[in-house]
Structures are given as C-alpha cells and as structure tokens.
Amino acid sequence: MNSLFDFTNKTAIISGGSRGLGEQMAKTLGEAGANIVICSRNLEQCTKTAAKLQDKGIKVLALPCDVSKKEDIDNVISQTIAKFQTIDILINNSGTSWMAPFLDYPEEKWDKVLDVNLKGSFLFSQAAAKKMAEQKRGKIINVSSVTAFNGTPPHLLDAIAYNTSKGALITLTKELAIKLARYNIQVNAIAPGFFPTSITTKLEDSKNLITAGIPARRLGELSDLDGIILLLAGESSNYITGQTIAIDGGLSSSL
C-alpha cells in the first residue's frame, strides 16, 4: 500500500504554489518524496515558500510565472526538465477573481480572470502534457471550485467571471482526460468549497451565513486537501480520469 503513495523521484509543478491551497499541496507532495516546482507572478513569495519546504528536506525550485503568458510557462517547463528530468504531476492552481455586480462587471476584469483561471490551465496542461506523453505517464489536477456547480446568490459571492471560469475548468478536465488517455495521462479536478484563502477573506462579512449552509458546519482546513491530492497525483488513481471531486463538507450535496 505504501508504494501507492510514494512519490520518490517524482516531480510536481504547482502553479500558484507559493501560498494558500497551493502551498499546502506542495508541502503534502514534497513530504511524500516528490521534487517540487512552485511558480507564480510573485517570485519573492515563491522563494520564501521554497525556503520553508527546503527546511523540511524537500527538493524545490521556485520560478516566476504569469500563467496567461506562454513564454513564462515554457520557461518553467524547460527549467523543471533541466533540474529534475521529468514532469510527473501538474497542478493548475493559479487563480484570480474580481467581484462586482453583473450589470457593472468590467470587460477587462472578465478577460483577466478567464486568462488566468482558464487559459492558463489550458496552456500549462498543453506544455506539460508534451513531456508527459514522451514519458507515457502523467497526472494533471485542475483546481476548480464548488462555485462551478451552480449559480451563486450575489449577496454571497458576486464573482461571475470566477464562477464561469471554474465551471469551464470542469469541461476542460473532461476534454483533456479523453484527449490524453492514449498517453497514459490522467486528468482530474478538485472542487474545493470554502477554505481560508486570500479570496475568501473578502467574504468575511458572509462567513456565518456561508458556514450555516455547509453540512459539516465549518470551513475547510488546508489539511483537508492532503488525501485527495495524494490520491489523484499518485499511482492509486491510474484508472480514474475526467472526474471532478468536491472537497466542501457536503455543501454541493445540499444545494
């Protein structure tokens, strides 16, 4: 059983891996033996997080990357291969949001959110999958959201571009799963509910209302992600692909 969760000599790239959910996923895979590459637009924060991981004995590479720019992604891919030789796991975690009423939603903010959350996942998956196809193995995990499953009342979350991008990620996950199956690449998504992140801090005024609607009666804790990431990134999910799994304390089941 231990071999199913042994990531020794595996390499994982986590976009947006410098804080929050991304940092937790990097730590979890690193402690399981994986080499870790974290990248985001904030290289300073990536470097700080990399230092914390290195203190745990994890081999880590911190790189700058705007996932909406193909040249930045290509740089991450080439430097990862140069240092660690393989790309076994990609977690598309980079994300952004903008909250505003639909009738006043700025076009440029719509474009920015879709560029980062959706286009970025497409471009990174395409670049990583080329190396994975050569290896004849690989795992891609897209980070969607519980907000992808249904419309959200504006008094709880007025973020139409974010919700739309996360819904599109679920379809992208299914498409990639089918297109890449012949190369032994499994593609799945997770749909976190409400976790303490930089995005959810903007919802502090609605926290009690949100928590009341979660059957578990609490927000998610970062450690709640550990099991599903180890499952979807490892050998135990070799026959699971195209799926989206909610980690939300039962929220999506109660809607």
Side-chain angles (χ1 to χ4, degrees), residues 14-29 38 40-42 45 49 67 91-102 105 109-110 112-118 120-121 140-173 188-233 243-255:
I14 300 100
S15 70
S18 64
R19 60 182 182 176
L21 305 187
E23 180 180 356
Q24 180 70 20
M25 291 185 278
K27 181 174 76 74
T28 297
L29 289 172
I38 54 173
S40 77
R41 287 174 293 180
N42 189 337
Q45 183 60 47
T49 300
V67 297
I91 301 180
N92 286 310
N93 175 65
S94 284
T96 190
S97 182
W98 186 265
M99 290 191 282
F102 167 64
Y105 207 91
K109 298 303 181 183
W110 171 275
K112 179 182 178 180
V113 172
L114 270 291
D115 275 354
V116 173
N117 296 3
L118 184 59
S121 295
I140 297 175
I141 303 171
N142 294 321
V143 179
S144 181
S145 168
V146 71
T147 64
F149 299 137
N150 296 281
T152 306
H155 65 278
L156 287 179
L157 185 63
D158 219 355
I160 190 169
Y162 177 84
N163 296 359
T164 301
S165 69
K166 294 301 186 178
L169 264 180
I170 292 176
T171 299
L172 178 65
T173 298
N188 292 288
I190 61 171
F194 290 94
F195 282 73
T197 67
S198 59
I199 291 177
T200 57
T201 54
K202 301 173 185 177
L203 307 175
E204 191 63 33
D205 292 343
S206 304
K207 181 177 179 180
N208 291 337
L209 190 59
I210 291 169
T211 304
I214 300 172
R217 290 296 187 268
R218 66 174 178 87
L219 300 182
E221 298 176 359
L222 292 178
S223 59
D224 290 324
L225 293 171
D226 294 352
I228 193 64
I229 291 302
L230 291 173
L231 171 68
L232 295 180
Q243 304 305 303
T244 298
I245 301 174
I247 308 98
D248 64 358
L251 178 59
S252 56
S253 297
S254 64
L255 297 175

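All heavy atoms count here, side chains included; hydrogens, waters and symmetry mates do not. The first residue in the sequence is number 1, and the count goes up from there.
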side-chain hydrogen bond (donor to acceptor under 3.5 Å, both in side chains) partners for T152, two or more places apart: N163

Would N142 and S121 satisfy side chain to side chain donor-acceptor pair (under 3.5 Å), going step by step from the backbone distance to the final call? CA-CA 7 Å; N142 294 321; S121 295; 4.6 Å; no

For A148, what residues pass the side chain to side chain contact (heavy atoms under 4.5 Å, CB included) criterion, not counting sequence neighbours? S144, K166, I170

Which is it for L29 and I91 under the side chain to side chain contact (heavy atoms under 4.5 Å, CB included) test, yes or no, and what are the steps along the way? CA-CA 11 Å; L29 289 172; I91 301 180; 3.9 Å; yes

Set of residues satisfying side-chain hydrogen bond (donor to acceptor under 3.5 Å, both in side chains) with respect to S145, sequence neighbours excluded: T147

Taking all atoms of both residues into account, what is the closest heavy-atom pair of G213 and S254, and its distance? O-OG, 3.7 Å

Return the CG to CE distance between L222 and M25, rounded to the nearest 0.5 Å. 9.5 Å

Roughly how far, to the nearest 0.5 Å, is the CG atom of D158 from the OH atom of Y105? 9.0 Å

Please name the residue in the list L21, I247, I190 that meets the side-chain contact (heavy atoms from CB on, under 4.5 Å) test with I229. I190

Check side chain to side chain contact (heavy atoms under 4.5 Å, CB included) between S40 and all other residues, then give those that pass, not counting sequence neighbours. S18, N42, C46

When rounded to the nearest 0.5 angstrom, what distance separates CG in L169 from CG in N92? 7.5 Å

Side chain proximity check, V143 to P192, heavy atoms < 4.5 angstrom: yes

Side chains of I214 and L219 in contact at under 4.5 Å (non-hydrogen atoms): yes

Quick check: closest heavy atoms across I38 and G17, and the distance to 0.1 Å? CG2-O, 3.6 Å

The reported gap from CD1 in I160 to CE in M99 (rounded to nearest 0.5 angstrom) is 14.0 Å

Sort and list the pairs that fulfil side-chain hydrogen bond (donor to acceptor under 3.5 Å, both in side chains) and have at least one residue in residues 210-222, not counting sequence neighbours. R218-D224

Looking at every non-hydrogen atom in both residues, tell me the closest pair between V67 and S94 and how far apart they are. CG1-OG, 3.7 Å

I'd like to know if the side chain of N117 and the backbone of T96 have a donor-acceptor N/O pair within less than 3.5 Å. yes

Check I228 against L225 and note the closest heavy-atom contact, atom names and distance. CG2-O, 3.2 Å

Could you go through the side chain to side chain contact (heavy atoms under 4.5 Å, CB included) check for L251 and F194 one step at a time? CA-CA 9 Å; L251 178 59; F194 290 94; 3.6 Å; yes

Starting at CD1 of I141, measure out to CG of L231 and round the result to the nearest 0.5 Å. 8.5 Å

Identify the two heavy atoms, one from V146 and one from S252, that lie closest to each other, and give their separation to 0.1 Å. CG2-CB, 3.8 Å

Taking atom CG of L232 and atom CD1 of I245, what is their separation to the nearest 0.5 Å? 4.5 Å

If the condition is side chain to side chain contact (heavy atoms under 4.5 Å, CB included), which residues does T28 pass it with, not counting sequence neighbours? Q24, D226, L230

Quick one: do the N93 and S15 side chains pair a donor with an acceptor below 3.5 Å? no

